[in-house]
**Student:** 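Before I ask anything, here is the structure I am working with.
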Number of protein chains: 2
Amino acid sequence: MKPTIYDVAKEAGVSIATVSKVINHTGNMRPATRLKVKQAMERLNYRPNLMATALTGKATKTIGLLVPDISNPFFSEMARTIEDRAHEAGLSVIICSTDENEQKEKKYLELLQQKRVDGFIIASSFHDREGLKRLKEQGTPIVMLTQDDGGLGVPSISVDDYKGGFEATSYLITSGHKRIAVIAEHVSSSRLRIYGYKEAHASHGIPFVEEQIYKTTASTENGKFCLLTMHEKGLLPSAIFACNDLIAIGVIHGAKELGIRIPEDLSVIGFDNTILATTTVPALTTVAQPVADMGRKVVDLLLEAIETKALTNEKVLYTPELIIRGTTKNETIAT
Amino acid sequence: MKPTIYDVAKEAGVSIATVSKVINHTGNMRPATRLKVKQAMERLNYRPNLMATALTGKATKTIGLLVPDISNPFFSEMARTIEDRAHEAGLSVIICSTDENEQKEKKYLELLQQKRVDGFIIASSFHDREGLKRLKEQGTPIVMLTQDDGGLGVPSISVDDYKGGFEATSYLITSGHKRIAVIAEHVSSSRLRIYGYKEAHASHGIPFVEEQIYKTTASTENGKFCLLTMHEKGLLPSAIFACNDLIAIGVIHGAKELGIRIPEDLSVIGFDNTILATTTVPALTTVAQPVADMGRKVVDLLLEAIETKALTNEKVLYTPELIIRGTTKNETIAT
DNA sequence: TTGAAAGCGCTAACAG
DNA sequence: CTGTTAGCGCTTTCAA
């Protein structure tokens with residue numbers, strides 16, 4: 001079996017209390033004693049059992065990260081920066097993919113609570129508001145990422161989705177597009193992006209129809225499906241604002257299948273600026289989120305909440321950046 | 001504070017042993033008693049503390065997954081299937097990105113040991129063989145994924161890298177290519193892929209030069225850099241076999257920058273068949289690994305090792321599949 | 001400066 | 001069928 005604190009104590013000829021003190025750098029001690037203990041630990045290759053430590057009331061040094069799907073490049077890129085920052089601070093991360101599914105949300109939330117994680121980063125939409133509220137009331141730190149807090153009163157980090165939607169749409173409009181569809185997700189950030197989409201129309205005096213607003217779940221398949229649907233209904237727009245890159249890629253795939261040329265026949269804008277946006281040809285025009293900054297910030301905020309035990313309500317809004325690449329085209333010049 | 005087993009016992013008017021029994025479905029009990037306890041748990045919203053449970057010798061129901069980089073689509077796709085399978089079996093997954101860096105490997109391995117994870121899935125190359133050996137000797141189940149076990153005597157799951165390299169190269173050769181470069185990684189799987197590359201040359205009676213073998217780390221930047229290097233040295237081949245999609249994409253980027261047409265001037269084959277391979281134009285010819293099967297299998301194997309406490313040495317080899325898309329071209333026909 | 005002892009929340013004999 | 005009790009490995013007073 002693995003050596004315990006008792007083994008070390010015996011090996012060093014001291015009490016477990018003394019060993020505990022050298023582990024935690026607490027209290028004073030004769031240097032010789034400290035050395036004896038250290039050597040004993042070395043000899044036995046001793047590592048404290050974090051389970052036992054956690055049981056005495058200390059932190060578990062683990063946080064939970066809930067994302068819709070870790071295989072979505074946006075979230076895996078985000079997860080990577082979160083992981084790095086967390087480890088810098090001595091925290092491990094348990095990642096759970098919810099698929100935006102209420103059952104899974106509940107299951108994972110409960111599971112992680114039982115594991116006594118020190119806090120949560122929630123980057124997935126949350127249907128079970130009640131569960132979150134209880135969590136919060138129990139004093140567990142929570143930070144929302146890419147998600148509003150739904151009046152929960154917890155900190156949240158996100159990009160200015162409204163602005164992103166507004167700028168993407170405005171760009172399309174000023175490029176001469178008049179029939180612009182939007183493919184959004186069933187999540188709070190999409191609501192704001194749609195709002196931006198609408199306001200852009202309003203401010204340019206261009207009408208839009210509700211039928212041009214599609215809602216789906218993030219995947220290339222669904223993006224393609226939406227385009228096919230538009231085509232079947234004879235409602236093909238001249239431009240599509242997709243609420244994430246995955247959907248935009250799906251649209252591009254669908255377009256190829258239908259023989260629709262991009263950007264000549266159809267302009268496409270994505271959102272997130274994941275690696276995928278750089279691999280398409282032409283490269284995808286998209287709205288970038290500062291993933292690295294956001295990932296670091298969300299960990300810092302959570303850390304602060306964990307350490308101070310105080311529940312702030314800070315809302316951090318990052319500025320999105322429209323990155324113009326090859327999938328959009330100026331209609332006024334073109335036609 | 002969170003309710004403990006004592007609170008439930010008091011609430012239900014029974015002893016903690018009884019409560020423990022209903023939690024673990026052990027022993028018999030008068031239905032009425034069980035009901036009383038269940039209701040008490042319900043009322044208090046009781047959840048057992050997994051830390052305490054783990055301390056009594058039970059499993060932590062957590063496994064560690066070491067990958068080079070979770071933001072690499074191949075690994076995030078793999079992580080997703082692992083996560084799903086693990087959760088089906090009641091296990092959580094802690095993912096750590098090692099960047100193939102020995103310091104991080106050590107750090108994470110140690111960290112996860114302290115967290116008393118039930119087992120490890122190692123999908124990252126491992127410089128610290130000693131650490132792994134000690135781990136294994138301590139009885140911790142380990143399964144290698146995408147990596148040989150380096151004589152460690154633990155199970156391993158991978159694709160037949162030799163075959164993948166052989167087929168990719170053979171395809172290029174039979175398409176008429178005579179100057180084929182390979183860009184590999186500093187990992188064990190790449191060694192076999194290179195071996196396949198060499199054997200393909202040998203079996204077709206085509207010579208190859210060692211200078212055509214490049215080694216780097218997985219990223220688009222590095223792939224591009226390799227192509228630029230070849231160009232500078234005046235050693236541009238007519239085809240490149242990249243040992244993963246990320247590198248292949250980098251080559252494509254580099255080619256675009258240099259005005260090299262793909263596949264007309266240069267054929268490119270990747271490896272992994274990640275989502276990236278479908279988003280390039282033309283789509284990337286690549287060698288597919290059955291990620292979903294591998295992910296499930298690796299969890300099943302680990303689970304078996306955890307449950308039986310037996311250390312098998314099973315080697316599972318999946319068959320790679322060459323997927324021909326648009327980045328390769330038949331030279332014989334072309335020229 | 002060091003150690004004895006009382007928990008932390010739960011499991012698992014062993015009694016009753 | 002139910003309860004008592006002794007740990008699991010560590011932290012933390014409180015004495016010595």
Side-chain angles (χ1 to χ4, degrees), chain A residues 1-41 44-62 110-111 113-118 138-139, chain B residues 1-41 44-62 110-111 113-118 138-139:
Chain A
M1 271 312 291
K2 296 206 157 99
T4 72
I5 199 171
Y6 288 93
D7 300 318
V8 176
K10 193 181 297 172
E11 175 81 16
V14 298
S15 77
I16 61 164
T18 303
V19 177
S20 177
K21 275 169 198 150
V22 352
I23 293 172
N24 300 290
H25 310 96
T26 46
N28 290 315
M29 188 178 308
R30 197 174 305 164
T33 312
R34 187 184 308 279
L35 185 65
K36 266 197 311 190
V37 174
K38 283 196 167 176
Q39 290 174 335
M41 298 195 323
L44 270 44
N45 194 244
Y46 168 75
R47 299 284 175 269
N49 181 331
L50 257 24
M51 297 294 125
T53 307
L55 193 53
T56 69
K58 288 201 160 187
T60 54
K61 292 292 180 184
T62 306
E110 199 149 286
L111 183 71
Q113 275 184 266
Q114 290 188 228
K115 287 206 195 292
R116 296 300 190 265
V117 295
D118 298 334
Q138 276 182 159
Chain B
M1 271 314 288
K2 297 205 155 102
T4 72
I5 199 173
Y6 288 93
D7 299 320
V8 176
K10 192 182 297 173
E11 176 81 16
V14 299
S15 77
I16 59 164
T18 304
V19 178
S20 177
K21 276 168 196 150
V22 351
I23 294 172
N24 300 293
H25 310 98
T26 46
N28 290 315
M29 188 180 307
R30 194 177 307 164
T33 312
R34 187 183 307 280
L35 186 65
K36 264 197 313 189
V37 174
K38 283 196 167 176
Q39 289 174 337
M41 298 197 320
L44 268 43
N45 193 242
Y46 169 75
R47 300 283 175 271
N49 182 333
L50 256 25
M51 296 296 124
T53 307
L55 194 54
T56 70
K58 290 204 157 184
T60 54
K61 292 294 183 182
T62 307
E110 197 149 286
L111 184 72
Q113 276 184 265
Q114 290 188 229
K115 287 204 196 292
R116 296 300 190 267
V117 295
D118 298 334
Q138 277 182 161

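Letters A, B, ... mirror the listed sequences (proteins, then strands); counts begin at 1. Any value given below was found using the heavy atoms of this structure, including those in side chains, with hydrogens, waters and symmetry copies removed.
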**Student:** Send over the distance from B:M41 CE to C:dC10 C1', rounded to a whole Å.
**Tutor:** 14 Å
**Student:** Please determine if a side-chain N or O atom of B:T18 lies less than 4.0 Å away from the OP1 or OP2 oxygen of D:dT2.
**Tutor:** no
**Student:** From CZ of A:R47 over to C1' of D:dC10, roughly how many Å is that when rounded to an integer?
**Tutor:** 16 Å
**Student:** Taking CE from B:M51 and C1' from D:dC10, how many angstroms apart are they, rounded to a whole number?
**Tutor:** 14 Å
**Student:** C:dA12, C:dC10, C:dT2: which one has an atom nearest the side-chain heavy atoms of B:T56?
**Tutor:** C:dC10
**Student:** With a 4.0 Å limit, can you tell me whether A:Y6 has a side-chain N or O closer than that to the phosphate oxygens OP1/OP2 of D:dT11?
**Tutor:** no
**Student:** Quick check: do B:V22 and B:M41 have side-chain heavy atoms less than 4.5 Å from each other?
**Tutor:** yes
**Student:** Classify the nucleic acid contact of A:V14 as base, sugar-phosphate or nothing, counting any heavy atom under 4.0 Å across all strands shown.
**Tutor:** sugar-phosphate
**Student:** Below the 4.0 Å mark, does D:dG3 have OP1 or OP2 next to a side-chain nitrogen or oxygen of B:S15?
**Tutor:** yes
**Student:** Just to confirm, is there a sub-4.0 Å distance from OP1 or OP2 of D:dT11 to any side-chain nitrogen or oxygen of A:S20?
**Tutor:** yes
**Student:** Counting neighbours of NZ on A:K2 that are heavy atoms of other residues, nucleotides or ligands and sit closer than 6.0 Å, is the number greater than 12?
**Tutor:** yes
**Student:** Has B:T33 got a side-chain N or O lying under 4.0 Å from the OP1 or OP2 atom of D:dT2?
**Tutor:** yes
**Student:** I want to check one thing: is the phosphate of D:dC10, taken as OP1 and OP2, less than 4.0 Å away from some side-chain N or O of A:T53?
**Tutor:** no
**Student:** Output yes when at least one side-chain N/O atom of B:N49 is less than 4.0 Å from OP1 or OP2 of C:dC8, else no.
**Tutor:** no
**Student:** Could you give the CD-to-P distance, from B:Q113 to D:dG9, as a whole number of Å?
**Tutor:** 16 Å
**Student:** Without hydrogens or angle criteria, can the side chains of A:T62 and B:K115 be said to hold a donor-acceptor pair below 3.5 Å?
**Tutor:** yes
**Student:** Among residues two or more places apart or on two chains, list those pairs meeting side-chain hydrogen bond (donor to acceptor under 3.5 Å, both in side chains) that have a residue in residues 14-26 of chain A.
**Tutor:** A:S15-A:T18, A:S20-A:N24, A:N24-A:K58
**Student:** Calculate the interatomic distance between A:K2 atom NZ and D:dC10 atom P; express it in whole Å.
**Tutor:** 12 Å
**Student:** Is there side-chain contact between B:N49 and A:R116, with at least one heavy-atom pair below 4.5 Å?
**Tutor:** yes
**Student:** Using whole Å, report how far CD1 of B:I5 lies from P of C:dG7.
**Tutor:** 18 Å
**Student:** Rounded off to whole Å, could you give me the CD1-to-C1' distance for the B:I16 and D:dT5 pair?
**Tutor:** 9 Å
**Student:** Mind calculating the distance between NZ (A:K21) and P (C:dT2) to the nearest angstrom?
**Tutor:** 9 Å
**Student:** Where each residue is assigned the nucleotide of DNA chain D containing its nearest heavy atom, which of B:L55 and B:G13 is assigned the position nearer the 5′ end?
**Tutor:** B:G13
